[in-house]
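In what follows, a single structure is set out as structure tokens and then discussed.
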Amino acid sequence: MKADCTNGKPKTPNQRQRILARLRQGSVTSWELSQMGILGYNTRIMELRQAGHNIVTTMEEIQNQFGETVKRGRFSLVSERHDA
């Protein structure tokens with residue numbers, strides 16, 4: 001039986017699974033998600049919300065490498081869907 005395996009290799013978690021696992025560890029910024037290789041993070045966050053996960057976004061101001069003040073999103077998992 002090959003549960004969660006492809007060609008004998010463990011199945012790689014999809015982007016939603018990776019984001020959810022990271023959110024369970026604490027808040028995460030849009031920059032951190034892009035560093036994880038998740039460039040379409042807004043769509044994945046929306047899908048997780050539609051699946052019942054309460055994820056809030058807080059905008060924070062930071063200075064970029066040019067000294068300019070820019071905003072970035074910080075995502076936090078408030079509560080999760082628990083199926084009976």
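Separation of atoms CZ (R74) and CD1 (I62) is listed at 9.5 Å; rounding is to 0.5 Å. Rounding to the nearest 0.5 Å places CE of M36 at 5.5 Å from CZ of R18. To the nearest 0.5 angstrom, Q17 atom CD is 11.0 Å from I19 atom CD1. Going from atom OG1 of T69 over to atom CD of E61 covers 6.0 Å, rounded to the nearest 0.5 Å.
Between L20 and R24, some side-chain heavy-atom pair lies under the 4.5 Å cut-off. At a threshold of 4.5 Å between non-hydrogen side-chain atoms, the residues I55 and L23 count as touching. Residues E60 and T29 have side chains in contact (heavy-atom distance under 4.5 Å, counting atoms from C-beta outward). Side-chain contact between L77 and N54 is absent, with no heavy-atom pair separated by less than 4.5 Å.
For the salt bridge (Lys or Arg N to Asp or Glu O under 4.0 Å) condition, the pairs that include at least one residue of residues 35-48, sequence neighbours left out, are R16-E47, R44-E47.
The two residues S27 and R22 make their nearest non-hydrogen contact at O-NH2, 3.1 Å. Among all heavy-atom pairs drawn from S34 and L39, the shortest one is CB-CD2, 3.9 Å.
Considering T58, V56, I45 in turn, I45 is the only one that fulfils the side-chain contact (heavy atoms from CB on, under 4.5 Å) rule with F75.
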* List the steps, then state whether side chain to side chain contact (heavy atoms under 4.5 Å, CB included) holds for R72 with M59. => CA-CA 6 Å; R72 71 173 175 196; M59 297 306 291; 5.6 Å; no

